[in-house]
Amino acid sequence: VQLQASGGGSVQPGGSLRLSCSAPRFTLNYYAAGWFRQAPGKEREGVACSSSDGSTYYADSVKGRFTISRDNAKNTLYLQMDSLKPEDTAVYYCATDPTFGYSTSYYCNYYNMTYWGKGTQVTVSS
């Protein structure tokens with residue numbers, strides 16, 4: 001399963017970016033999927049996750065600033081990031097897992113996700 005993440009870049013504090021994740025040969029709509037990030041020297045962490053039933057989970061550090069969404073017709077997962085801060089700087093990854101029945105927060109633990117895309121760099125700096 002190949003996931004393709006895009007949309008990263010460099011932005012000033014307070015700016016916005018939107019990340020996209022597509023899966024050409026996998027139906028993302030059926031499964032939980034999410035966004036994770038890893039900053040240099042830090043462990044990978046779950047940022048925002050979405051279950052197939054529409055429920056969402058956000059890390060406390062991004063609540064109110066980031067929004068995860070899906071476009072099922074396009075089989076694409078998005079992460080709208082607003083009010084970006086320097087501490088949001090990291091490589092961002094999308095991931096999914098072909099299982100059912102667990103909580104959305106379960107899927108936002110990176111070790112519970114099976115399929116990963118290559119990361120996209122987000123840099124927030126003045």
Side-chain angles (χ1 to χ4, degrees):
V1 175
Q2 186 177 14
L3 304 180
Q4 299 173 347
S6 61
S10 295
V11 65
Q12 292 186 338
S16 298
L17 285 172
R18 188 176 80 155
L19 306 182
S20 300
C21 176
S22 63
R25 297 178 187 83
F26 183 83
T27 307
L28 269 178
N29 309 343
Y30 293 164
Y31 305 106
W35 292 95
F36 300 76
R37 67 186 180 188
Q38 189 165 19
K42 293 189 176 181
E43 188 179 22
R44 191 170 296 189
E45 63 172 346
V47 174
C49 294
S50 167
S51 292
S52 57
D53 64 0
S55 58
T56 56
Y57 172 88
Y58 294 93
D60 287 343
S61 59
V62 306
K63 282 181 182 175
R65 300 188 298 121
F66 291 11
T67 304
I68 190 170
S69 62
R70 298 174 183 249
D71 184 330
N72 289 339
K74 295 182 178 180
N75 197 37
T76 301
L77 181 75
Y78 299 101
L79 183 68
Q80 177 67 41
M81 304 185 294
D82 299 318
S83 302
L84 282 161
K85 303 176 180 180
E87 51 264 43
D88 296 318
T89 296
V91 178
Y92 284 70
Y93 302 86
C94 60
T96 188
D97 189 76
T99 59
F100 297 100
Y102 297 100
S103 66
T104 312
S105 60
Y106 168 91
Y107 289 109
C108 244
N109 283 315
Y110 72 89
Y111 43 82
N112 291 327
M113 292 301 227
T114 300
Y115 302 124
W116 292 83
K118 293 182 179 178
T120 183
Q121 176 70 45
V122 171
T123 302
V124 185
S125 173
S126 55

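Closest of all the heavy-atom pairs between Ser126 and Pro13 is N-CD, 3.7 Å. Looking at every heavy atom in both residues, Ala23 comes nearest to Leu3 through CB-CD2, 3.5 Å. Of all the heavy atoms in Leu84 and Val11, the pair that sits closest is CD1-CG1, 3.6 Å. A pairwise comparison of heavy atoms in Ala39 and Ala90 identifies N-CB, 3.8 Å as the closest pair. The minimum heavy-atom distance linking Ser51 with Thr104 is given by the pair OG-OG1, 2.7 Å. Closest heavy-atom contact between Cys108 and Val47: SG-N, 4.4 Å.
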Practice item. Show your working on side-chain contact (heavy atoms from CB on, under 4.5 Å) between Met81 and Asp88 and close with a plain yes or no. Key: CA-CA 9 Å; Met81 304 185 294; Asp88 296 318; over 6 Å; no
Exercise for review: Determine, stepwise, if the pair Tyr58 / Arg65 fulfils side-chain contact (heavy atoms from CB on, under 4.5 Å).
Suggested key: CA-CA 10 Å; Tyr58 294 93; Arg65 300 188 298 121; over 6 Å; no
Practice item. Carefully, step by step, assess Asn29 and Asn75 under the rule side-chain contact (heavy atoms from CB on, under 4.5 Å). Key: CA-CA 6 Å; Asn29 309 343; Asn75 197 37; 3.4 Å; yes
Practice item. Test side-chain contact (heavy atoms from CB on, under 4.5 Å) on Leu28 and Thr96 and set out the steps. Key: CA-CA 7 Å; Leu28 269 178; Thr96 188; 3.8 Å; yes
Exercise for review: For side chain to side chain donor-acceptor pair (under 3.5 Å), just list the numbers for Ser103 and Ser105, CA-CA rounded to whole Å, side-chain angles, deciding distance to a tenth of an Å, and then say yes or no.
Suggested key: CA-CA 5 Å; Ser103 66; Ser105 60; 3.1 Å; yes
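The backbone N or O of Cys49 lies less than 3.5 Å from no partner atom in the side chain of Thr56, so there is not a single donor-acceptor pair. Side-chain N or O atoms of Thr89 include one that pairs as donor or acceptor with a backbone N or O of Val124 at under 3.5 Å. Between the side chain of Trp35 and the backbone N or O of Ser20 there is no donor-acceptor pair closer than 3.5 Å. Between the Asp71 side chain and the Lys74 main chain, a donor and an acceptor come within less than 3.5 Å of each other.
For the atom pair Thr99 OG1 and Asn112 CG, the distance stands at 8.0 Å (nearest 0.5 Å). Between atom CE of residue Met113 and atom SG of residue Cys94 there is a gap of 9.5 Å, rounded to the nearest 0.5 Å. Atoms CZ and CD, on Arg37 and Glu45 in that order, are 4.5 Å from each other to the nearest 0.5 Å. Note that OG1 of Thr67 and CZ of Arg18 are 11.5 Å apart. Values are rounded to the nearest 0.5 Å.
Val91 and Leu19 fall into different hydrophobic clusters, where Ile, Leu, Val, Met, Phe, Trp and Tyr side chains are chained together by heavy-atom contacts under 4.5 Å. Linking Ile, Leu, Val, Met, Phe, Trp and Tyr whenever their side-chain heavy atoms come within less than 4.5 Å puts Ile68 and Tyr115 in one cluster.
Looking at Tyr107, Phe100, Tyr102 one by one, the single match for ring pair (Phe, Tyr, Trp, His ring centres under 6.0 Å) with Tyr31 turns out to be Phe100. Here the options are Ser69, Ser22, Cys21, the test is side chain to side chain contact (heavy atoms under 4.5 Å, CB included), and the partner is Leu77; only Cys21 passes.
Using cut-offs of 30° and 60° for the angle between ring planes, the Tyr92 and Phe66 rings count as tilted. By the 30° and 60° cut-offs, the orientation of the rings of Trp116 relative to Tyr93 is perpendicular.
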